[in-house]
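Structure, as structure tokens:
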2 protein chains.
Amino acid sequence: MSNSSLKSIAKNLSLSVSTVSRALNDYKDISQNTKKLVNETVVELGYQPNIFAQRLASGNPECLGFVIPWRDGQLNDPFLGELMTGMSTALTEIGWDLTVLVAKSFENEVELFKKLSISKNLSGLIISRTLRNDKRFKILTDLKIPFVAHGRSLNCSSSSWLDVDNERAFYDMTKHFISLGHRKIAHICGPKVYNFSMQRIEGWKKALFETGIQIKSDFLQVADLSFDGGKIAMDKLLKLKEFPTAVSCVSDTVAMGAMQSIRNHNLSPGKEISLMGYDGLELGAWIDPPLSTMTQPIQTVGKDLAEMLVNLVKDKKKPSSLQKLVRANFLRRGTDNSPMTTF
Amino acid sequence: MSNSSLKSIAKNLSLSVSTVSRALNDYKDISQNTKKLVNETVVELGYQPNIFAQRLASGNPECLGFVIPWRDGQLNDPFLGELMTGMSTALTEIGWDLTVLVAKSFENEVELFKKLSISKNLSGLIISRTLRNDKRFKILTDLKIPFVAHGRSLNCSSSSWLDVDNERAFYDMTKHFISLGHRKIAHICGPKVYNFSMQRIEGWKKALFETGIQIKSDFLQVADLSFDGGKIAMDKLLKLKEFPTAVSCVSDTVAMGAMQSIRNHNLSPGKEISLMGYDGLELGAWIDPPLSTMTQPIQTVGKDLAEMLVNLVKDKKKPSSLQKLVRANFLRRGTDNSPMTTF
DNA sequence: ATCTTCAACGAAAACGCTTTCGGAGTCAAA
DNA sequence: TTTGACTCCGAAAGCGTTTTCGTTGAAGAT
């Protein structure tokens with residue numbers, strides 16, 4: 001029946017439990033023949049290992065924890081599902097589990113880390129939403145909890161991380177505006193506590209600098225990562241004596257807010273003022289004109305994150321040897337155009 | 001140090017391991033005094049139980065699996081994060097874990113169920129995206145896997161589920177249009193394989209029937225649950241000799257598509273044609289005019305789902321005794337208005 | 001024939017906890 | 001004094017694996 005244990009297989013083949021176990025784990029002191037027999041019996045009996053016994057005996061939880069980003073109450077990350085699907089895909093291949101953790105606050109998160117470091121219920125963690133100066137890198141390192149960060153921080157050089165090349169993305173975006181003929185290019189950035197905010201500012205600055213365009217401090221506006229944030233920031237830009245003709249926005253959500261502000265001023269996004277967002281949100285295509293943006297392959301990122309953590313835990317690689325930069329891709333829709341000559 | 005085990009506590013108090021264990025589990029054959037001592041030592045030594053040992057010994061995984069909905073490749077459920085946060089919140093309170101499962105297809109999902117029924121690695125499952133005639137209810141019941149469904153099905157009477165009162169919601173929505181003066185009210189529904197599609201149709205029909213408004217079959221359009229789906233469906237409605245003046249849409253996404261169609265026909269959403277969506281997507285507020293819709297308290301739903309499953313597993317309640325209907329709430333924004341008299 | 005080598009397996013301890021069972025001790029009733 | 005009931009605790013088995021170590025038998029070398 002569903003009598004599923006090593007013992008039943010052992011009895012079935014007149015072998016010992018330990019032999020069966022080692023056969024399944026591909027030990028080299030088990031003959032090929034025996035391994036074949038065992039594997040056949042496994043499928044025949046529909047054996048499924050008891051992971052709790054495995055984990056207790058081996059000492060390895062084979063279980064990865066994903067810390068859901070809390071970002072002050074509102075978490076409506078549209079990529080969460082895809083990200084976790086990517087992780088799960090990579091993990092199920094090797095029989096690991098994905099469990100989710102929710103931290104309500106920073107203190108709560110740290111407390112959670114401490115418990116984990118004692119209980120050792122998880123092989124490692126994946127954290128996201130990294131800050132410019134993210135204390136979690138040091139805390140987790142000190143607690144000796146293996147982890148991979150989705151996003152970098154100032155002090156991440158000896159840790160393992162995967163990040164988009166934010167600087168490159170916004171460098172490219174700005175260069176793109178320049179090649180379209182724009183010279184007055186503003187940037188609406190996110191709160192500077194986030195590392196990606198700073199990186200994106202850098203990219204924007206670098207492109208302007210390289211082209212010899214003077215960087216006007218008025219053309220850099222900080223915004224909350226929300227629709228309203230984008231609207232307010234754009235309002236400010238439109239109060240300047242001299243408008244920008246193009247605006248690179250830190251996110252699609254912010255760009256949508258900016259577009260509404262533009263319309264409120266009786267201007268047309270993509271005409272008088274070009275703009276681009278970032279994230280590749282589907283809904284950007286639903287509005288008129290559809291928002292140009294940049295995307296990243298989220299599912300792949302999730303898979304990579306999981307695989308990196310497994311490398312860290314299983315193959316005991318050095319964290320600093322596992323760092324990966326992925327590139328964002330242009331998704332031109334309707335809001336990146338040449339500046340109007342009449343304007 | 002981090003020498004954290006029952007044994008260390010036992011040694012510390014000159015008690016036996018079994019006494020400590022029973023003290024922690026609040027057995028009644030342990031004196032109050034001993035319990036107090038044990039609990040104090042626990043916090044003093046910072047003891048964290050080894051969940052794998054616990055689960056192996058007790059036989060209860062204390063672990064809940066959430067099956068991420070696959071819906072043909074694209075899964076961008078904006079509520080996923082909130083839903084899981086709700087679940088996790090309820091579970092951490094009682095020390096349970098939440099692990100996620102991804103099924104790539106229906107066959108894949110069934111295979112996964114079968115494995116689970118043997119390995120018993122999970123205490124139970126939460127499934128979502130239920131179909132009108134969802135085979136999973138019978139499969140899981142037959143496999144004796146405890147589960148709670150987020151959403152109903154035709155054959156769910158003896159199972160445990162939590163669902164929104166879809167019929168009520170769309171009944172209310174339609175009645176609302178009627179009270180605004182509309183008489184020509186169409187409905188764009190989702191694919192009829194989904195149970196909620198049928199329920200929402202029912203609600204719409206019921207309100208019309210009650211009011212004595214004849215139900216025109218042309219006024220019911222099936223759409224994919226996407227922006228394009230909504231657009232196409234609305235296009236069809238606008239090809240009719242006689243337009244509807246109000247349209248109730250199965251989802252916000254579909255409603256957004258419908259709005260674009262309306263604009264493409266040089267009409268104004270909320271003026272010539274009122275419409276409402278469903279889901280309460282934030283982005284509905286970002287467009288002009290902002291989309292009226294209906295919402296449900298997702299985090300609470302997640303928490304309830306988890307608690308129901310715990311009741312099912314721990315307190316061994318009958319599945320049919322755990323069924324819960326929650327109500328959706330109006331979120332009036334800008335697209336539900338009285339019909340234009342001049343139209 | 002003896003000794004070594006090696007492949008292939010079994011025995012048994014260990015992982016850290018739960019749970020059953022029995023026993024020691026106390027106290028009151030007979 | 002004996003009996004019974006009751007409280008509180010310890011011993012020990014067990015959960016299903018993994019992993020170390022020792023053993024067996026056969027093959028090859030001398």
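Letters go in sequence order (proteins before strands), and every chain restarts at 1.
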Inset, instruction - Would you kindly give the CG-to-C1' distance between B/Leu37 and D/dC9, to the nearest whole Å? - result: 14 Å
Inset, instruction - Would you mind classifying the nucleic acid contact of A/Ile51 as base, sugar-phosphate or nothing, using non-hydrogen atoms under 4.0 angstrom? - result: nothing
Inset, instruction - Answer yes or no: is there a donor N or O on one side and an acceptor on the other, between the side chain of B/Ser88 and the main chain of B/Met84, under 3.5 Å? - result: no
Legend entry - Any side-chain donor near an acceptor of the partner, A/Ser31 and A/Thr34, under 3.5 Å: yes
Legend entry - Sugar-phosphate only, base, or nothing, as touched by B/Ser14 at under 4.0 Å among non-hydrogen atoms: sugar-phosphate
Inset, instruction - Just do the salt bridge (Lys or Arg N to Asp or Glu O under 4.0 Å) check on A/Lys114 and A/Asp142 with the steps written out, would you? - result: CA-CA 10 Å; A/Lys114 284 185 180 159; A/Asp142 288 350; over 6 Å; no
Inset, instruction - Mind listing the residues from residues 310-317 of chain B sitting with a heavy atom below 4.0 Å of DNA chain D? Number order is fine. - result: none
Inset, instruction - Quick one: do A/Lys317 and A/Asp315 satisfy salt bridge (Lys or Arg N to Asp or Glu O under 4.0 Å)? Show the steps, please. - result: CA-CA 5 Å; A/Lys317 294 205 178 176; A/Asp315 310 335; 5.4 Å; no
Legend entry - B/Asn311 (side chain) donor-acceptor with B/Met308 (main chain) under 3.5 angstrom: no
Legend entry - Spacing of A/Leu13 atom CG relative to C/dC9 atom P, expressed in whole Å: 11 Å
Legend entry - Nearest-Å distance for atom pair CG/C1', residues B/Leu15 and D/dA11: 14 Å
Inset, instruction - Indicate for each nucleotide in nucleotides 12-20 of chain C, in 5' to 3' sequence, whether protein heavy atoms under 4.0 Å reach the base (B), only the sugar-phosphate (S), or nothing (-). - result: B--BBBBB-
Legend entry - Distance-minimising heavy-atom pair for A/Ala53 and B/Leu56: CB-CD1, 3.7 Å
Legend entry - No-hydrogen, no-angle side-chain donor-acceptor test under 3.5 Å, B/Asn195 and B/Arg152: no
Inset, instruction - Can you tell me the distance, in whole Å, between the CZ atom of B/Arg55 and the C1' atom of D/dT17? - result: 17 Å
Legend entry - Side chains of A/Ser123 and A/Asn60, donor plus acceptor under 3.5 Å: yes
